[in-house]
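Read the structure below first, then the notes.
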Amino acid sequence: MKHPEQNQHGLAGLPGFARVFDGPGVWMEGNATDQIASVAALPGCLRVAGMPDLHAGRDFPIGAVVATQDVVYPLLVGGDAGCGARIVVTNEDHVSPDKLERRIRRAWEESIFEDVEPSRLFDAAWSQGPAGLLEVDGVPEALRRLAALDTTDDALPPSGDPSRFRAGFEGALGSIGGGNHFAEISKVSHVVDSEAGKTIGLEKNSLVALVHSGSRGLGAALFRAWCARPLVGAEIGAYLGELAGACRFARTNRLVVAYRLLSALSALRAGAIRGSFDVTHNDVRAELVSGAPAWIHRKGAAPAYESAFTVVLGSRGAPSWVMKGNGEEASLRSVAHGAGRRMGRTEAREKVRARYHRAELSRSPGGGRVICDDKDLLFEEHPDAYKAIEPIICALEANRLATRVASLVPVVTVKL
DNA sequence: ATGTAC
């Protein structure tokens, strides 16, 4: 096992139970490592694992996993409970980018749930996740088929009253959201582990729907309700019950966004889908650490249980990597969720604006397209504003957190 | 990251 003094970014001052899993070429800002130190000092903190995409958040770092005993910190989950990523692998392998772009714009203008009672939809997503869609009248048949493929294992059943958070968010299902959230059709470029890849149908040139999104306003409302203080005793269960509802809502949201992408790709008919998985980036789960139960807070980090699939998101334009977890306890069984920001949004707007013409911004470095009508977002989410993905993937492999399965190169990225 | 207010 590596010792903390072997970390490369001046972390010698950290206690031994806090580690950052970085590597050669991984850029790391000082603020982020300072925030790791403040998290390590929280009462009840057992272990802290910084992922290679670690970057500074407002109060606490993003790309971090925190194990605690007897206390749960809603602040460490943050304002977008249940944010995560879904992949749906299709058996399509060719598409015209022009046609796809037109069809995506049309798919985003269409209403999916015209004949559906909004509160029924919200309650079903909260309490059962995608499976809940099967029980709501008016949900399109092809969306039901997609929902039936969801096999995600939930940490805990939801509890609490969904109507406490329902008002105003009934229409959020199927929306991408802002910031770094996106939806994308990407193409499998390199298959490194074909054995693992074929279990979800990943082959060279397979087209894949990739969605990074969260619980929208619901997560923000949950945060406002719980963020004031650390939780102990019975409050923990009450929070985790509502957190589970937000996580299921977010997972359902990703599925509905994937449905939009797949409809634009004409890949909704029975048999067009080869495989699918979903991972959550912001959550709390009970897991064992050194054989003892602990509360594992993941903030901008995905579980990497042994042999479980995960996807490490490229900034839009850079490849994403499907990886297979190693269940490595030293890293609290986690991996990075993406490339991680390198510039703040204000800095990115200024620097990227100076570097590129507008027309260049609607194309990815790899030739993919970007559908986004918000100019500021094009600057803020430009690949230059993010760390390079390759050193991050290398660091994940070198630290034995996860291994590569296949890379996904963007064809059309949607931020609508 | 968010919905809303400035």
Side-chain angles (χ1 to χ4, degrees), chain A residues 31-32 35 51 53-64 73-86 118-119 122 125-126 162-184 210-228 239 242-243 245-254 256-257 278-284 297-302 313 315-316 336-349 372-382 385-387 413-416:
Chain A
N31 280 351
Q35 288 184 340
M51 299 294 114
D53 65 341
L54 184 75
H55 57 287
R58 207 182 64 98
D59 305 302
F60 292 116
I62 299 158
Y73 289 91
L75 267 177
L76 293 179
V77 177
D80 190 13
C83 171
R86 172 174 288 274
S119 63
F122 181 97
W126 165 290
S163 67
R164 181 158 119 89
F165 297 106
R166 192 195 292 146
F169 310 127
E170 297 98 329
L173 281 180
S175 61
I176 295 175
N180 59 356
H181 291 170
F182 67 88
E184 185 172 281
L210 173 60
V211 179
H212 178 208
S213 184
S215 53
R216 313 292 276 107
L218 167 59
L222 188 78
F223 190 68
R224 282 193 297 275
W226 289 100
C227 68
Y239 169 64
E242 296 188 342
L243 177 65
C247 287
R248 289 188 180 201
F249 182 85
R251 186 148 49 87
T252 310
N253 186 37
R254 289 189 283 280
V256 176
V257 174
D278 189 282
V279 291
T280 298
H281 297 156
N282 299 340
D283 197 5
V284 182
H297 305 64
R298 290 189 176 86
K299 169 63 179 168
L313 301 166
S315 56
R316 68 135 184 77
H337 73 322
R341 289 203 80 86
R342 178 191 172 77
M343 297 178 194
R345 293 182 182 279
T346 308
E347 184 188 4
R349 279 196 298 274
C372 175
D373 301 328
D374 180 337
K375 217 182 337 150
D376 283 342
L377 214 45
L378 282 171
F379 298 133
E380 293 167 12
E381 297 300 315
H382 191 272
Y386 282 82
K387 301 189 194 192
T413 306
V414 191
K415 298 185 70 70
L416 288 175

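If you measure from atom CG of A:L76 to atom C1' of B:dA1, you get 17 Å, rounded to the nearest angstrom. Atom CD in A:E380 sits about 12 Å away from atom P in B:dT2, given to the nearest Å. Atom NE2 in A:H281 sits about 14 Å away from atom P in B:dT2, given to the nearest Å. If you take CZ of A:R341 and P of B:dA1, they are 7 Å apart, rounded to a whole angstrom. For the pair A:F165 CZ and B:dT2 P, the computed distance is 17 Å after rounding to whole Å. With rounding to whole Å, A:I176 atom CD1 is found 14 Å from B:dA1 atom P. A:F249 places its CZ atom 14 Å from the C1' atom of B:dA1, with the value rounded to the nearest Å. Protein atom CZ of A:R254 is 14 Å distant from nucleotide atom P of B:dA1, rounded to whole Å.
Under the ring pair (Phe, Tyr, Trp, His ring centres under 6.0 Å) criterion, A:F379 pairs with no residue, sequence neighbours left out. Under the side chain to side chain contact (heavy atoms under 4.5 Å, CB included) criterion, A:C247 pairs with A:L243, A:T280, A:D283, sequence neighbours left out. A:Y239 meets the ring pair (Phe, Tyr, Trp, His ring centres under 6.0 Å) test with A:W226; sequence neighbours excluded. Listed by chain and number, the residues in a side chain to side chain contact (heavy atoms under 4.5 Å, CB included) with A:Q35 are A:S38, A:A56, A:P61 (sequence neighbours excluded). In this structure A:I62 satisfies the side chain to side chain contact (heavy atoms under 4.5 Å, CB included) test together with A:H55, A:K299, A:H337, sequence neighbours excluded.
Within the 4.0 angstrom heavy-atom criterion, no nucleotide atom of any strand lies near A:R58. Nucleic acid contact for A:G178: sugar-phosphate only, since backbone atoms but no base atoms lie under 4.0 Å from a heavy atom of the residue.
In plain terms, the two heavy atoms of A:D53 and A:A339 that are nearest each other are CB-O, 3.4 Å.
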Provide a list of protein-nucleic acid N or O atom pairs under 3.5 angstrom, restricted to nucleotides 3-6 of chain B.
none

